[in-house]
Amino acid sequence: NQALKRRYQAILLRKDVFAVQW
Amino acid sequence: LQYNPNSKLLGLPHSSEDVTMNISQINKLTQDLVAETNANFTPQPHAESTAMIKKMFENGLKQTQQQKLADALKSINLAIEMAQRKRTTWEAFAVQLQELQFMLKNRVDLCLVQGRFMDALQDLDFLQNTGLNSSDVFIRKTDALIKLKQYEQARAECERGLSLDPTNVKLKALLIENTRRLAEYNG
Amino acid sequence: QSYDYDEGSETWPFFVLAVLCVVLVPLTLMQAYEIIAAKDEDSSSQSSPLEKLSEKYTGDQVKRFRAKFAPKKSKLLARRNLVIIAGWCMVAFLINKIGSNGAIKDAATLLFDPYALLDISASSTDREIRSAYRKLSVKFHPDKLSKDLSADERTVLEEQYVMITKAYKALTDEITRENYLRYGHPDGPQATSHGIALPKFLVDSSASTLMVLGYIALLGFILPFFVSRWWSKTQSFTKKGIHARSASYFADRLFNFKPSQVVTTGLILNWLSHAAEFKLLYPDLTQETFESLLYDHINRRHSGELETAKLRIVAKTHALLFGLLDIATTFRNLEISTVAIDTFKSIVQATPLTSHSQILQLPNVDAKRFEEGSVDDIRTLGKLFTFEDEKIGKILGIEDETKLRETLSVAANIPHLKLLRAEFTVPGESVVTPLSTPHISVKVLVRSAKHKFFTPNKIPDELYKEEQDFDSLRDPFASLSNQPALPRTFAPHFPAKRSGCWCALVVLQKDGKVIQTPMLVDRLSFANLNKDFDKRTVKDLEKEFNPEEWEIGTIKIPFSQPAPDQKGDYYFRVIVKSTEYFGADLDFTLPMMVRE
């Protein structure tokens with residue numbers, strides 16, 4: 001469950017990273 | 001390893017991020033256990049949390065019907081946040097996973113409709129990462145990638161979707177559309 | 001007990017000669033082979049205009065670095081050659097020493113050779129032996145000798161006659177032949193002397209302690225030293241040429257990889273900066289420093305006095321990235337594998353990975369002007385070539401005419417792959433049968449971004465044909481070596497000259513995971529790039545397109561496992577990613593139709 005939460009939290013991080021990259 | 005009796009938390013200074021992560025997991029579990037009032041708890045999901053999340057979510061769906069999409073998105077986000085916070089670490093994983101996936105699928109559609117393609121894309125990534133490989137995930141993902149001008153990735157996603165479901169008409173249409181855009185993109 | 005030593009130095013020269021030959025002959029052959037191979041390598045690789053331009057745009061800092069660290073060219077003067085020359089001189093000296101040494105000569109005459117005595121060939125029949133003997137004995141018989149011979153001449157001739165008779169007996173008479181075959185001499189076992197093939201002074205007198213010390217030094221120190229040095233070297237480097245500690249770090253990162261981590265070139269650079277190689281080179285610098293140096297390189301920032309250090313560690317990333325790619329594909333992680341290759345490109349071209357990397361990898365591009373200016377968001381070279389030259393100059397912010405021409409020449413010579421045909425083939429079969437060993441045969445067209453686009457069906461089938469003769473069936477990959485090696489890459493910022501390659505990854509579509517380690521494609525013909533065939537000038541394809549003129553490249557990827565045993569369609573994704581340029585990649589889905 002905690003790993004699932006961490007992966008869900010990563011969504012925000014991924015948004016920023018890909019926004020910059022693209 | 002240090003244990004802080006009043007905060008009841010473990011600590012290990014200068015540890016690698018893996019160890020830090022494991023320790024924070026243990027701390028989280030301890031906190032939930034300490035906070036738990038009901039002595040003989042079971043992995044059954046808490047009924048009241050489920051009810052709250054459901055109510056919040058249904059509210060979102062109603063707003064979607066009333067075409068109040070922005071509010072619908074907000075209430076679905078609230079429902080998801082509620083699930084993230086309220087659910088304890090020992091409530092059945094399968095239930096938590098399905099609940100989260102179900103809510104995200106709705107959130108994806110709301111984001112796509114409102115043109116938030118990056119949000120939709122990341123949610124779709126999450127759904128794929130957690131094992132949801134149905135065709136409509138590929139359809140939405142390809143669509144989002146095309147809107148974000150990532151035609152190479154869109155083609156890869158679409159072709160993968162077609163490998164898993166070769167007769168899907170929508171994916172075929174998206175592939176043709178994407179190929180046209182790619183040709184234009186490459187001059 | 002009393003050994004007699006080799007005073008007349010009769011035997012030790014042979015011993016030393018033998019040892020020398022055992023060492024020299026293979027060494028000489030290896031060296032000769034290497035020199036020939038090197039020549040062949042130069043002739044087979046193709047040159048390309050990018051090479052000269054790359055030289056031209058290489059900064060003097062990098063030039064100085066290359067001069068300092070380039071592998072030493074003078075193969076001929078290499079130490080190994082000197083050893084070979086010295087060795088052969090020793091051999092020559094020994095041979096003439098043996099030749100001139102009387103003692104050896106008369107010892108040689110002791111050797112009894114009946115065929116030589118009767119001067120007949122060793123394979124002659126009895127009749128020939130008899131006739132030869134008769135002829136000789138008539139000549140040498142003592143009664144037949146002429147009177148006027150001197151006494152000692154007469155004894156020599158008589159002796160000669162005795163030998164001839166013996167030789168004849170050794171070949172015909174049973175007993176003597178038995179003796180001859182068993183002891184090498186008709187008269188039975190000769191006096192043989194056993195000795196030590198060393199001069200006396202070495203063993204007996206004072207020098208003997210020297211010898212003993214020599215042995216102790218050799219066995220006690222020198223041998224263990226070399227063995228331990230060799231062993232530590234092999235222990236500390238993997239077969240892929242990266243340090244064992246780096247490999248274990250990468251494996252640890254891959255093993256503990258969490259889906260919540262976002263894979264970007266930054267993450268890969270961070271992993272690279274932990275490499276043991278860098279620590280060995282510059283023990284006083286920290287991992288953060290290495291990471292910032294790598295970022296400096298990618299953003300083309302000067303690193304002050306760490307410039308040389310930066311260039312050295314950047315040169316090292318080549319092997320590290322291949323090592324990481326190997327480990328990532330072993331862990332079947334597609335995302336890390338592809339981002340590792342993207343990191344490779346951004347290091348080779350010193351250009352960060354963004355959606356405009358394809359344009360920014362060109363020389364003389366003014367990034368600021370380009371970012372603001374590009375109205376309709378040009379992201380690919382293909383798109384760039386839809387404009388006229390001066391318009392391109394304005395978009396890229398290049399005023400100078402020659403610079404613009406050079407930039408356009410670089411852009412036109414960057415190789416792009418166009419997929420013509422791909423299939424799973426089993427040599428000698430028309431379909432992929434269950435449990436067969438298929439390989440992936442891909443027909444690509446190496447084209448420039450400037451070329452007018454044409455659909456693959458414009459190329460007639462016979463151009464795809466490959467000779468189905470026996471050895472191509474036996475080893476389908478042999479025909480790949482007919483293609484020329486890749487020319488040098490346009491990479492003026494990379495510390496070393498390089499020609500790069502394409503990494504071919506095969507991914508199972510079902511679970512999106514890599515199924516085998518990458519196949520490196522380093523032989524493809526770039527002949528098509530010399531064509532103009534500009535998309536701005538070629539109007540109608542029918543008249544101006546002639547398929548014969550275009551070379552079709554072949555890529556063959558071995559398939560690491562046998563075909564599935566059930567009939568059906570299995571989908572794979574083939575990614576052919578260049579380590580050198582942005583935009584030169586292929587990525588397509590390929591069904592494997594398994595049929596009876």
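The sequence lines fix the lettering, A, B, ..., with proteins before strands; numbering per chain opens at 1.
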Inset, instruction - Assess the side chains of B/R87 and A/N1: does a donor N or O sit below 3.5 Å from an acceptor N or O? - result: no
Inset, instruction - Check whether any side-chain heavy atom of B/F126 lies under 4.5 Å from a side-chain heavy atom of A/L4, and answer yes or no. - result: yes
Inset, instruction - Sort and list the pairs that fulfil salt bridge (Lys or Arg N to Asp or Glu O under 4.0 Å) and have at least one residue in residues 139-149 of chain B, not counting sequence neighbours. - result: B/D109-B/R140, B/D125-B/K141, B/K141-B/E157, B/D143-B/K147, B/K149-C/D377
Inset, instruction - Check whether B/D119 gets within reach of chain A through its side chain, its backbone, both or neither, counting any heavy atom under 4.5 Å. - result: both
Legend entry - Atom pair CZ (A/R14) and CE (B/M118), whose distance is rounded to the nearest 0.5 Å: 10.0 Å
Legend entry - Side chains of B/M21 and A/Q2 in contact at under 4.5 Å (non-hydrogen atoms): no
Legend entry - Side chain / backbone / both / neither for B/L148 at chain A, heavy atoms under 4.5 Å: side chain
Inset, instruction - Can you check whether anything in residues 53-81 of chain B gets within less than 4.5 Å of chain A, heavy-atom wise, and list it by number? - result: B/I80, B/E81
Legend entry - Close contacts, residues 23-46 of chain B versus chain A, judged by heavy atoms under 4.5 Å: B/S24, B/Q25, B/K28, B/L29
Inset, instruction - Indicate yes or no: at least one non-hydrogen side-chain atom of A/F18 is less than 4.5 angstrom from one of B/L121. - result: no
Legend entry - Spacing of B/Q150 atom CD and A/W22 atom CH2 [to the nearest 0.5 Å]: 4.5 Å
Inset, instruction - Mark yes when over 12 heavy atoms from residues, nucleotides or ligands other than A/R6 sit less than 6.0 Å from its CZ; otherwise mark no. - result: yes
Inset, instruction - Give, for atom CZ of A/R7 and atom OG1 of B/T130, the distance between the pair rounded to the nearest 0.5 Å. - result: 8.0 Å
Legend entry - side chain to side chain contact (heavy atoms under 4.5 Å, CB included) partners of B/R180, counting only residues at least two apart: B/E177
Inset, instruction - Using a cut-off of 6.0 Å, state whether more than 12 heavy atoms not belonging to A/K15 lie near its atom NZ. - result: yes
